[in-house]
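Computed from heavy atoms alone, side chains included, the values below leave out hydrogens, waters and symmetry copies. Order of listing sets the numbers, starting from 1, for every ligand and every atom in it.
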Amino acid sequence: MSQHTHSFQAEVAQLLHLVTHSLYSNPEIFLRELVSNASDACDKLRFAALGDASLYGDQPDLEVRLSFDAAAKTLTITDTGIGMSEQEAIDHLGTIAKSGTKAFMEQLSGDQKSDAQLIGQFGVGFYSGFIVADRITVESRRAGLPQTEGVRWTSTGTGDFVTETITRPARGTSVTLHLREDQQEFLNAWKLKSLVSKYSDHISLPILMEKEEWKEGENEGEPGGMVKTGEWETVNKASALWTRAKKDISAEQYREFYKSISHDHEDPLAWAHNRVEGNSEYTQLLYIPAKAPFDLYTRDKHAGVKLYVKRVFIMDDAEALLPQYLRFVKGVIDSADLPLNVSRELLQESRDVRLIRDGSVKRVLSMLEDLAKHDKHEAGTDADGVTDVVSEEDKAKEGKYTRFYAEFGPVLKEGLGEDFANRERIAKLLRFASTIGDAPTVGLADYKARMKEGQEAIYYITADTLAAAKNSPQLEVFKKKGIEVLLMTDRVDEWALNYLHDFDGTPLQSVAKGAVDLGKLQDEEEKKAAEEAAEAFKPLLAKLKEALKDKAEDVRVTARLVDSPACLVVQDGDMSSQLARMLKQAGQEVPGSKPVLEVNPDHALVRKLDGSVHFHDLAHILFDQALLAEGGHLEDPAAYVKRVNALLV
Ligand code: ADP
């Protein structure tokens with residue numbers, strides 16, 4: 001037999017040099033690459049045979065076999081795919097056909113670390129075998145060629161490779177890796193099986209391995225060992241759940257799959273399974289869990305969506321596939337367009353990934369909208385007098401949104417700041433407690449629908465606790481007038497609300513910020529009384545301002561108080577006192593802006609102030625009490641106590 005020596009294309013030689021000089025930190029990925037090539041070869045034969053069924057010859061099965069020979073230290077991956085002719089082996093395994101390869105290689109700097117990253121993006125495919133092998137032998141026969149036209153390709157992964165013509169009865173390709181001394185761990189059935197289940201479980205072809213069984217030593221005292229039985233078994237599931245038609249998958253199977261990918265033992269609340277065609281082709285199977293994981297708020301928490309490319313597992317925590325505020329979503333996205341060796345860096349920039357991400361966000365939001373819509377089914381007839389018939393399916397959704405919101409509401413709110421394009425949809429999904437009910441069940445749309453005649457804003461207050469929010473003096477006039485105010489007590493509220501200035505055309509207004517403008521909610525008489533009070537109190541306000549000049553930015557009369565003598569408000573655009581306290585607790589520097597003291601002109605204490613011999617003490621008590629009432633801390637509690645005691649005596 002005549003052997004021919006060929007030189008690798010310069011770029012391949014360069015690539016091989018990098019591969020063999022410890023390109024990958026995890027060498028095991030070679031198996032994924034080679035199994036994926038084998039699977040591709042089978043896909044190609046399947047396609048070619050559509051036009052010429054004789055290509056199958058006497059081997060109709062498409063499959064991949066993994067075998068190893070511990071004595072020879074070889075691992076072999078065999079497929080019954082399309083195979084290669086000698087010329088194809090020379091071309092495909094000696095050059096890189098990708099466009100832009102040369103330009104890409106020119107970017108390499110010679111610095112091992114940054115080059116390794118670049119090359120990871122580029123993808124090494126077949127050549128990854130040289131991570132673990134110091135010699136690779138490929139034997140192949142192209143489907144349709146006679147047995148005498150097989151090829152053997154051999155290389156040590158340095159400058160050149162050798163080919164020769166061989167007789168090969170079997171169609172397809174076998175790749176034999178002569179493992180390096182330090183890579184012998186792959187000569188182990190258990191190890192190989194675990195890698196198959198990790199990376200290739202969802203390859204739709206069967207991956208077969210020879211069964212082994214335990215055999216005692218022949219003679220007394222001789223150790224036993226595992227021996228091959230000659231029987232082959234499939235070691236992958238050989239069918240990806242998400243590739244099957246929806247109608248063929250039971251709810252139970254969907255749930256089991258969720259558990260297997262999420263390591264959650266509870267059933268998910270909902271899922272969506274779709275094949276998307278068009279600009280970018282992909283399948284998505286996305287789940288909404290019922291319970292938040294303990295580390296939901298750890299900032300570097302990875303996303304829960306697995307990325308597959310053509311059923312080959314690529315990565316586990318592809319953050320680029322969903323925004324942070326949807327990090328609770330679990331599932332699988334299987335792209336038909338992305339390259340197999342796509343890296344994280346590449347994912348961030350890929351147009352396909354952007355399309356997938358946009359599509360997935362929309363899908364998750366509509367899943368949530370659907371749960372929200374069916375959260376409660378009031379019995380009886382609906383608005384148009386038709387008796388509401390609730391299907392079993394919709395009934396099963398009852399209460400789910402409430403459960404979802406209790407677990408993930410604060411995370412969803414982050415979306416207001418993170419996802420501008422979907423802000424309106426996210427805002428609609430938010431739920432709050434309000435002065436009408438303690439449970440966080442009020443949506444902004446519900447609120448809007450029952451706003452009072454003449455009400456021009458959605459009012460809210462933020463506080464540390466529900467009790468503090470409910471009893472806040474700033475709410476008094478709203479309570480008196482029967483105007484609903486949303487009570488916000490999540491840590492993220494203050495930040496998130498910065499990004500939501502209005503909802504469906506109606507502005508959101510904090511009742512603790514700026515001068516209260518009740519607008520049309522005040523009648524003429526009230527307006528007139530307020531103006532008169534402001535005029536009459538001018539001298540008193542000036543005196544208060546002088547007395548409190550170290551504490552208050554301004555002092556003014558307000559219409560927002562009914563029972564309380566005074567309250568503090570922050571200027572429009574300033575940080576709320578609740579947020580300032582939170583930041584201080586977290587040890588952060590807070591820009592020191594002073595609040596405004598607002599006094600109730602109708603309150604007896606305020607009326608008594610003028611002319612009192614205790615004016616100075618009363619002014620400070622008024623301020624300190626307002627601060628206490630909103631849950632703040634006095635700067636000098638002892639001074640406060642002393643002043644109050646002096647008055648009591
Ligand atoms: P890629 O798969 O990204 O094209 P590889 O370096 O992995 O790059 O493989 C180069 C080429 O070698 C493939 O495109 C294919 O034509 C050929 N090849 C590799 N493995 C096989 C195989 N098992 N059967 C048939 N052809 C193969």
Note to self: So which atom in V332 and which in L286 form the shortest heavy-atom distance, rounded to 0.1 Å?
What the structure shows: O-CD2, 4.5 Å
Note to self: Can you confirm, on distance only, whether ligand 1 has an N/O atom lying under 3.5 Å from any N/O atom belonging to Y127?
What the structure shows: no
Notebook entry, point to check: What do we get for D79 next to ligand 1 when only non-hydrogen atoms under 4.0 Å count, side chain, backbone, both or neither?
Noted result: side chain
Check: Near F126, which atoms of ligand 1 are under 4.0 Å from a heavy atom of that residue?
Finding: 5 (P), 6 (O), 7 (O)
Checklist line | Atoms of ligand 1 close to G125 [distance to a heavy atom under 4.0 angstrom, numbered from 1] | finding: 7 (O)
Notebook entry, point to check: For ligand 1, which atoms sit closer than 4.0 Å to a heavy atom of M84?
Noted result: 26 (N), 27 (C)
Notebook entry, point to check: What do we get for E33 next to ligand 1 when only non-hydrogen atoms under 4.0 Å count, side chain, backbone, both or neither?
Noted result: neither
Check: So does E369 pair up with R425, basic N to acidic O under 4.0 Å?
Finding: yes
Item checked: Where Y325 and L365 come nearest, the two heavy atoms and their spacing -> OH-CD1, 4.4 Å
Margin query: Show, in sequence, the C-alpha distance, side-chain angles and deciding distance for E86 and T163, and conclude whether the side-chain hydrogen bond (donor to acceptor under 3.5 Å, both in side chains) test is met.
Written below: CA-CA 7 Å; E86 182 161 355; T163 60; 3.1 Å; yes
Notebook entry, point to check: Is there a heavy atom in E88 that sits closer than 4.0 Å to ligand 1?
Noted result: no
Check: Would you say the ring centroid of Y308 lies under 6.0 angstrom from that of W242?
Finding: yes
Next item on the list: Just jot down the ligand 1 atoms closer than 4.0 angstrom to any heavy atom of L93, in number order.
Entry: 12 (O)
Checklist line | Region of V175 that comes within reach of ligand 1 [heavy atoms, distance under 4.0 Å] | finding: neither
Margin query: Exactly one of I426, L321, L322, V329 should register a side-chain contact (heavy atoms from CB on, under 4.5 Å) with V361. Which one does?
Written below: L322
Checklist line | Full working for salt bridge (charged side-chain N to carboxylate O under 4.0 Å, His left out) between E210 and R65 | finding: CA-CA 8 Å; E210 200 176 344; R65 286 176 193 248; over 6 Å; no
